[in-house]
Amino acid sequence: MIDRSLLREDPEAVREALDNRGADVDLDELIEIDEHWRELKARGDELRHERNQVTERIGSLVAKGKQDEKDEAIEESKELKAEIEDVEAEATELGDELRERMLEVPQIPDESVPLGLDERHNVEDRRWGFDDLRVDADEITPHYELGEELDIIDEERGAKTTGSGFYFLKGDGARLEHALIQFMMDIHREQGYVDLFPPVPVTSKSMRGTGQLPKFADDAYRLGGSNDEEYEDDDLWLCPTAEVPVTNMYADEILLTDDLPLKHQAYTPNFRREAGEHGTETRGIVRVHQFNKVELVNFVEPEDSYDRLESLLDEAEEVLRQLELPYRILELCTGDLTFASAKTYDIEVWAPGDDMDDGPEEGGRWLEVSSASNFEDFQARRAGLRYRPERHESAEYLHTLNASGLALPRVMVAILEYHQNEDGTVTIPEALQPYMGGQEVIEGHEKVGESALGAGEQE
RNA sequence: GCCAGGAUGGCCGAACGGUAAGGCGCACGCCUGGAAAGCGUGUUCCCUUUGGGAUUCUGGGUUCAAAUCCCAGUCCUGGCGCCA
């Protein structure tokens, strides 16, 4: 949530920022509601002040036993009460509407964010690992074909048990998934992160705290209710990213500077509806309804947040460097920022298996495996995340940041494609081998369960 | 799931329906040669800030007036039950 006082003091700055985002917000109406609300609030406070004085008088009249004066004062108080009710009913209604609308106003981009309408205007900062590529993209089998050949990814049966967009990992595929999670978390623990294993369902209140609600209800899976129906604060949703439980973990709390910076990492499965996202660009496991992810969440003092963003990006990149996977860093433009973010870097790994138009000249394509974002105090305001700058001072909103560290399926895609060998096997990156019990190559295995489908080989 | 008890500031903890005690921590000031002690101030939110309003878990209700009484809910603790 943006600061209301900014809206009052410098509405034009807010307007410009929202225009740069391409956000559709009726600012004038918002300002008008705010002004009207303040008038009513002032009037209500005044009336309450009067009544408080009368009530106080009644107390002393009762003590003195002045019956007549007391009855008179009670009459006066009753009249004030009725008036207060009228004024405050209107003020509450407006206040609620204001709050609701404020929840739909996106974050103001940082000044350093490049101007632009959409992803075409994102700026590529740099690339890593392209100097000495180990493969030629033309000769790479896409992960969904390879996964089937090696019998490590089973999309069909995932669709059978659960639905399209869900898949089984089998054998070395499943083992690779577990290995990657442990591997990533070990890296980040070295970087000073404290592990968390959060609850997977989260409340509407939490979803609102990080910015998924109210605008993006359709992206998430709701438990026990239709997405179209009204929801309550306590209703549950399946975690769309560990950012939600972890950021909201300290909701309505006040931290001390000694606690900051606070760095948490959490592995969770993530669930997203991804409505309408089907086609050649999403074949295989690059866009699925359930995927695992290690998430990095930072709570910092405001003046540190932009330095922290650079470090956070580096902490996420470290995973790809150790996996020897080529990648690039994008700086998202104003129009491509997510709702809550003031500045975002994307990390895109190179997946050479499918040649796409917007991929690099070497062929293949880019896959987003992490977004590192500074939300400044946007989530802190919504979730009530504060800290005390000095022990004796009053509490202020802190800044939150997060980055994936990293999204598992796409990293797996990159490994299966970039570390693929000519004979159709996959070399496990050296740093990951200890997590696979020393195994160096994924060779696939005899098909499991094929006989049940009538395709089994007879001995 | 059932029964009982509980929720008050950063922390602890009082309050016959009538101004929300007191203590601790922390910071600053006074005092001091310096410190401790002592004294003072501050340590939620909102508004139009020399002022006012709200705030005793949340939401309703009774009342001129609710931390206090009533109803509903959330969470915590204990006991019983169930359970991987």
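The figures that follow rest on heavy atoms only: side chains count, while hydrogens, waters and symmetry mates do not. Naming: A, B, ... by sequence-line order, numbering from 1 per chain.
Going from atom NZ of A/Lys205 over to atom C1' of B/U74 covers 11 Å, rounded to whole Å. For the pair A/Glu79 CD and B/A65 P, the interatomic distance rounds to 13 Å; values are reported in whole Å. Going from atom CG of A/Leu385 over to atom P of B/U44 covers 17 Å, rounded to whole Å. As rounded to whole Å, 11 Å separates atom P of B/A65 from atom CG of A/Leu80. Whole-Å rounding puts the A/Glu75 CD to B/A65 P distance at 12 Å.
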With the criterion being N/O to N/O and under 3.5 Å, what pairs connect the protein with nucleotides 82-84 of chain B, and how long is each?
none

Short heteroatom pairs, N/O only, protein and nucleotides 9-11 of chain B, under 3.5 Å:
none

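Of the nucleotides present, B/A72 is the one that pairs with B/U58 by Watson-Crick or G-U wobble criteria, both distances under 3.5 Å. Under the Watson-Crick or G-U wobble criterion, with both distances below 3.5 Å, B/A4 is paired with B/U77. With a cut-off of 3.5 Å on both Watson-Crick or G-U wobble distances, the partner of B/C30 is given as B/G38. In this entry B/U43 has B/G25 as its Watson-Crick or G-U wobble partner, both defining distances falling under 3.5 Å. Figure legend. B/C64 is base-paired to B/G18; pairs are counted as Watson-Crick or G-U wobble with both atom distances under 3.5 Å. Nucleotide B/U50 has no partner under the Watson-Crick or G-U criteria, as no pair reaches both atom distances under 3.5 Å. In this structure, B/G9 makes no Watson-Crick or G-U wobble pair, since no nucleotide meets both defining distances under 3.5 angstrom.
Comment: A/Asp304 does not engage A/Arg308 in a salt bridge, judged by the lack of any side-chain N to carboxylate O separation of less than 4.0 angstrom.
In this view, A/Asp118 and A/Arg120 satisfy the salt bridge (Lys or Arg N to Asp or Glu O under 4.0 Å) rule, not counting sequence neighbours. Qualifying ring pair (Phe, Tyr, Trp, His ring centres under 6.0 Å) partners for A/Tyr345, counting only residues two or more places apart in sequence or in other chains: none. Scanning for salt bridge (Lys or Arg N to Asp or Glu O under 4.0 Å) contacts around A/Asp96 gives A/Arg99, with sequence neighbours left out. In this view, A/Tyr435 and A/Phe183 satisfy the ring pair (Phe, Tyr, Trp, His ring centres under 6.0 Å) rule, not counting sequence neighbours. Residues forming a side-chain hydrogen bond (donor to acceptor under 3.5 Å, both in side chains) with A/Thr203 (at least two apart in sequence, or on another chain): A/Ser206. For the ring pair (Phe, Tyr, Trp, His ring centres under 6.0 Å) test, no residue two or more places apart in sequence or in another chain qualifies with A/Tyr167. A search for ring pair (Phe, Tyr, Trp, His ring centres under 6.0 Å) contacts involving A/Phe378 returns A/Phe339, not counting sequence neighbours.
Nucleotides B/A84 and B/A4 are separated by 28 Å at their P atoms, to the nearest Å. Here, B/A14 and B/A27 have their C1' atoms 26 Å apart, quoted to the whole Å. As rounded to the nearest Å, B/C16 and B/A67 have C1' atoms that lie 14 Å from one another. The gap from the C1' atom of B/G23 to that of B/C31 amounts to 23 Å, rounded to the nearest Å. To the nearest whole angstrom, the two P atoms, one in B/G22 and one in B/A36, are 24 Å apart. The C1' atoms of B/A72 and B/G78 are separated by 24 Å, rounded to the nearest whole Å. Using atom C1' as the reference point in both B/A20 and B/U68, the two lie 11 Å apart (nearest Å). Between B/G13 and B/G25, the two C1' atoms lie 14 Å apart (nearest whole Å).
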> What is the per-nucleotide protein-contact pattern of nucleotides 45-62 of chain B, from the 5' end, where B denotes a base atom under 4.0 Å from a protein heavy atom, S denotes such proximity for sugar-phosphate atoms only, and - denotes neither?
Replying inline: SBSB---BSS--------
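Distance CG/A/Asn374 to CG/A/Leu309: 5.5 Å, rounded to 0.5 Å.
Under a 3.5 Å cut-off, the side chain of A/Thr92 and the backbone N or O of A/Glu88 do form a donor-acceptor pair.
Note on residues 402-412 of chain A: pairs passing side-chain hydrogen bond (donor to acceptor under 3.5 Å, both in side chains), not counting sequence neighbours, are A/Glu243-A/Asn402. The list of ring-ring contact (aromatic ring centres under 6.0 Å, His included) pairs with a residue in residues 244-265 of chain A, not counting sequence neighbours, reads A/Tyr250-A/His264, A/Tyr250-A/Phe299.
Across all their heavy atoms, A/Ile108 and A/Ala17 have their closest contact at CG2-CB, 3.4 Å.
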